[in-house]
Amino acid sequence: MKAFHASSVIAATPEQVWAVLVDGRHWTDWDSAVVRFDGTIAAGQKVTVRPEVNPGRAFPVTVVEFDPGKRMVWRGGMPLGLFTGTRTYTLAGQPDGMVRFDMEEHYSGPLATLITKSIPDLTDSFTRFANGLKQRVESTR
């Protein structure tokens, strides 16, 4: 099954990284992989992302977990769980005072094998996001 992952180590506090991560209306300022973002990132809220790899297609998701400064999970897909995409953002403080940021996405459901064949390789997009987040946070400290 397809899955994607990216990470970065950021010279900041988890709170500083979190503040940038949940400010979706400014994602397009620092993430070239996102061309438009609608909604407010908060527990239970729906947000819509339009990625650079497919700008004509909107991806609405719901924020299903929201643990400030630590972890956030988004989920979207088809009704009845036929296809579900789950994206997880994790922040972990390191002993050296840095923060490790991880972002991963995996897919599930009876139609996942079929649908994931049409999903492009998002590795570059994920890497740009992780690096863009790092640069944005470190430049605003």
Side-chain angles (χ1 to χ4, degrees), residues 1-79 81-141:
M1 193 67 58
K2 253 185 202 179
F4 302 98
H5 176 263
S7 64
S8 60
V9 176
I10 304 170
T13 66
E15 295 77 18
Q16 290 168 320
V17 177
W18 189 261
V20 173
L21 182 62
V22 299
D23 185 10
R25 66 188 177 114
H26 287 108
W27 277 18
T28 57
D29 296 344
W30 55 265
D31 179 17
S32 62
V34 173
V35 297
R36 184 172 167 187
F37 185 97
D38 296 306
T40 300
I41 301 173
Q45 295 297 305
K46 289 190 179 196
V47 298
T48 302
V49 179
R50 290 185 187 270
E52 174 262 341
V53 294
N54 194 353
R57 178 134 187 245
F59 292 92
V61 296
T62 301
V63 181
V64 297
E65 288 183 42
F66 193 81
D67 188 1
K70 296 179 183 173
R71 178 180 159 93
M72 175 169 55
V73 179
W74 296 3
R75 191 165 291 128
M78 298 175 73
L82 293 173
F83 174 76
T84 302
T86 302
R87 182 173 292 185
T88 303
Y89 302 89
T90 307
L91 304 179
Q94 304 294 291
D96 60 3
M98 306 283 265
V99 173
R100 179 181 171 95
F101 167 75
D102 287 286
M103 178 172 78
E104 63 183 26
E105 185 164 289
H106 67 274
Y107 309 98
S108 60
L111 297 179
T113 302
L114 178 66
I115 292 173
T116 57
K117 290 178 183 178
S118 67
I119 295 175
D121 185 347
L122 300 176
T123 303
D124 181 58
S125 176
F126 273 47
T127 300
R128 285 190 288 166
F129 186 94
N131 291 339
L133 178 64
K134 173 184 175 62
Q135 291 171 358
R136 178 63 165 220
V137 172
E138 290 179 351
S139 72
T140 58
R141 289 189 59 213

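Note that the structure is a prediction, hence the values are computed from the model and not measured. We count residues from 1, following the sequence as given.
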Sub-4.5 Å side-chain heavy-atom contact between [X] and [Y]:
X: Glu52; Y: Ser32; result: no
X: Pro60; Y: Lys46; result: no
X: Ile115; Y: Tyr107; result: no
X: Ile41; Y: Met72; result: yes
X: Phe101; Y: Val137; result: no

Strictly distance-based, threshold 3.5 Å: is any side-chain N or O of [X] a donor or acceptor partner for the main-chain N or O of [Y]?
X: Lys2; Y: Thr116; result: yes
X: Glu138; Y: Ala11; result: yes
X: Thr48; Y: Ala58; result: no
X: Glu105; Y: Met103; result: no

Return the minimal non-hydrogen interatomic distance between [X] and [Y], and the atom names on each side.
X: Val63; Y: Ala42; value: CB-O, 3.2 Å
X: Arg25; Y: Thr28; value: O-OG1, 4.5 Å
X: Ala12; Y: Val17; value: CB-CG2, 4.0 Å

*Passes side-chain contact (heavy atoms from CB on, under 4.5 Å), Phe4 versus Asp121? Steps please.*
CA-CA 8 Å; Phe4 302 98; Asp121 185 347; 3.5 Å; yes
*For side-chain contact (heavy atoms from CB on, under 4.5 Å), just list the numbers for Asp31 and Leu133, CA-CA rounded to whole Å, side-chain angles, deciding distance to a tenth of an Å, and then say yes or no.*
CA-CA 7 Å; Asp31 179 17; Leu133 178 64; over 6 Å; no
*Parallel, tilted or perpendicular, as decided by the 30° and 60° cut-offs, for the rings of Trp74 and Phe37*: tilted
*Parallel under 30°, tilted from 30 to 60°, perpendicular over 60°: which one fits the rings of Trp27 and Phe129?*
perpendicular
_Inter-residue atom distance Ile10.CD1 - Leu21.CG, 0.5 Å rounding_ =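 Result: 8.5 Å between the selected atoms.
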_Working to the nearest 0.5 angstrom, can you tell me the gap between Thr84 OG1 and His106 NE2?_
9.0 Å
*asked:* Is it true that Arg75 and Thr86 share a donor-acceptor pair across their side chains at a distance under 3.5 Å?
replied: yes
